[in-house]
**Q** 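Pasting in a structure now, in C-alpha cells, and then I'll have a few things to ask.
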Amino acid sequence: GGENEPTLEDLRNIAVLSKNSQNRIVTREDLIARVYSMPANLGRVFRASVRNNPNNPLAATLHVISRNTNNQLIYSADTLKENLVMFLNKHRLVSDAIDLVDAQVVNLAIDFSIVVEKSNKSHIIIQKVNNVLKNYFKIENFQIDQPIITGEIENLILNTVGVINLIDLKISPRAGFFKNRRYSSIRYSVKRHLDRGYLYPPPGGIFEIRYPNDDIKGKIM
C-alpha cells in the first residue's frame with residue numbers, strides 16, 4: 001500500500017485494540033485492530049473504517065484506502081485487498097461476513113477572504129493563513145467518515161496574527177480534471193452534506209485537499 005512504518009502513537013493504539021480482541025474479530029474495534037496489525041510483508045492500508053451492512057445484519061462493510069509516494073490518497077491495490085481478506089478470514093467468526101470496499105475520496109478546495117492590519121504586508125499574512133490551513137488539512141489528520149468542523153477553520157484563520165476579520169470562507173468540491181490537475185471521480189455536494197457547521201463525507205468517505213498549494217487560496221478585502 002505504500003504506507004510508512006507505524007509511529008509510536010500508532011503502535012500504542014494498535015496494542016490496546018489487539019489486547020482486547022482476544023485474537024478474534026467480534027467488535028468493530030477488533031476488526032480495525034486486525035487491519036492495522038496485518039504483517040508488513042502483506043502490505044498496509046493507510047486508513048480503514050467499519051460500517052454496518054444495511055443488507056445483512058451479520059455482515060460488516062470495511063472501507064479501506066491507501067496513499068502514494070506524494071502523500072495523496074489512492075485506491076488500495078487488488079493484491080493488497082486480497083491479502084487483507086485472507087488475513088482477516090483467519091480471525092473472523094464463522095457466522096460473520098466482511099465486505100471489503102474502497103473508501104470514497106472527496107477532494108475539496110478552500111477559498112477565503114480576510115481583512116488584515118494595515119501595518120502588515122498582505123502577501124505575508126495570506127501565506128501565514130495558507131500554511132496554517134495546510135497543516136490542518138494534512139491527510140494524516142483525517143480518518144474515514146470524519147467530518148470537517150467549519151468553525152475550526154474559521155478560528156484558525158481569525159487567530160492568525162495580522163488577521164482582523166474573516167469576510168468569506170468557501171469550501172468547494174473538486175472532481176475529475178480541473179486546470180490540468182486530476183482529482184477523485186466522486187461527485188459531491190457541499191450544501192447537501194453541511195449540517196449546523198459540520199461537513200460530513202458520504203458514507204465510507206474521506207476528505208482530502210489533494211493539491212494544497214493550488215486548492216487553498218486567500219485574498220485581501
**Q** I'd like to know if the side chain of R51 and the backbone of L62 have a donor-acceptor N/O pair within less than 3.5 Å.
**A** no
**Q** Got a donor-acceptor contact below 3.5 angstrom from the Y36 side chain to the A48 backbone?
**A** yes
**Q** Less than 3.5 Å apart, which donor and acceptor atoms pair up between the side chains of residues 214-221 and the rest of the protein, not counting sequence neighbours?
**A**
from : atom 1 : to   : atom 2 : distance (Å)
D215 : OD1    : Y183 : OH     : 2.9
D215 : OD2    : Y183 : OH     : 3.2
D215 : OD2    : Y211 : N      : 3.3

**Q** Could you check whether any side-chain N or O of N53 sits under 3.5 Å from a backbone N or O of N55, counting only pairs where one atom can act as donor and the other as acceptor?
**A** yes
**Q** Taking Q146 for the side chain and Q143 for the main chain, is one N or O donor matched with an acceptor at less than 3.5 Å?
**A** yes
**Q** Identify whether the distance between the nearest side-chain nitrogen and carboxylate oxygen of E208 and R67 falls below 4.0 Å.
**A** no
**Q** In Å, rounded to the nearest 0.5 Å, how long is the span from CD1 of I206 to CG of D145?
**A** 9.0 Å
**Q** Could you tell me which non-hydrogen atom of N135 sits nearest to which non-hydrogen atom of N141, and how far apart they are?
**A** O-ND2, 2.9 Å
**Q** Test side chain to side chain donor-acceptor pair (under 3.5 Å) on T61 and D99 and set out the steps.
**A** CA-CA 5 Å; T61 301; D99 295 330; 4.6 Å; no
**Q** Rounded to the nearest 0.5 Å, how far apart are OG of S66 and CG of L73?
**A** 9.0 Å
**Q** To the nearest 0.5 Å, tell me how far S184 OG sits from F207 CZ.
**A** 11.5 Å
**Q** Distance check, rounded to the nearest 0.5 Å: R174 atom CZ versus R181 atom CZ?
**A** 7.0 Å
**Q** Using side chain to side chain contact (heavy atoms under 4.5 Å, CB included) as the criterion, point out the one residue from I167, N165, D168, I157 that pairs with I114.
**A** I157
**Q** Just how far is it from atom OG of S76 to atom CG of N83, taken to the nearest 0.5 Å?
**A** 11.5 Å
**Q** If you count every heavy atom of other residues, nucleotides or ligands that lies below 6.0 Å from Y198 atom OH, does the total exceed 12?
**A** no
**Q** Are any side-chain N or O atoms of S189 and backbone N or O atoms of R192, one a donor and one an acceptor, separated by less than 3.5 Å?
**A** yes
**Q** What do the steps show when you test K138 against N71 for side chain to side chain donor-acceptor pair (under 3.5 Å), and what is the final call?
**A** CA-CA 9 Å; K138 282 183 177 179; N71 213 28; over 6 Å; no
**Q** Any salt bridge (charged side-chain N to carboxylate O under 4.0 Å, His left out) involving residues 74-84? Give me the pairs, sequence neighbours left out, ordered by first then second residue.
**A** D78-K81, K81-D102
**Q** When the ring planes of F142 and Y136 are compared, do they come out parallel, tilted or perpendicular, using 30° and 60° as the limits?
**A** perpendicular
**Q** Of all heavy-atom pairs between V106 and P202, which one has the smallest distance, and what is that distance?
**A** CG2-CD, 3.5 Å
**Q** Mind listing the closest non-hydrogen atom pair of L108 and I209 along with its distance?
**A** O-CD1, 3.3 Å
**Q** Has the side chain of Q104 got a donor or acceptor atom that lies under 3.5 Å from a matching backbone atom of P203?
**A** yes
**Q** Please report the interatomic distance OG1(T79) to CG(L42), rounded to the nearest 0.5 Å.
**A** 11.5 Å
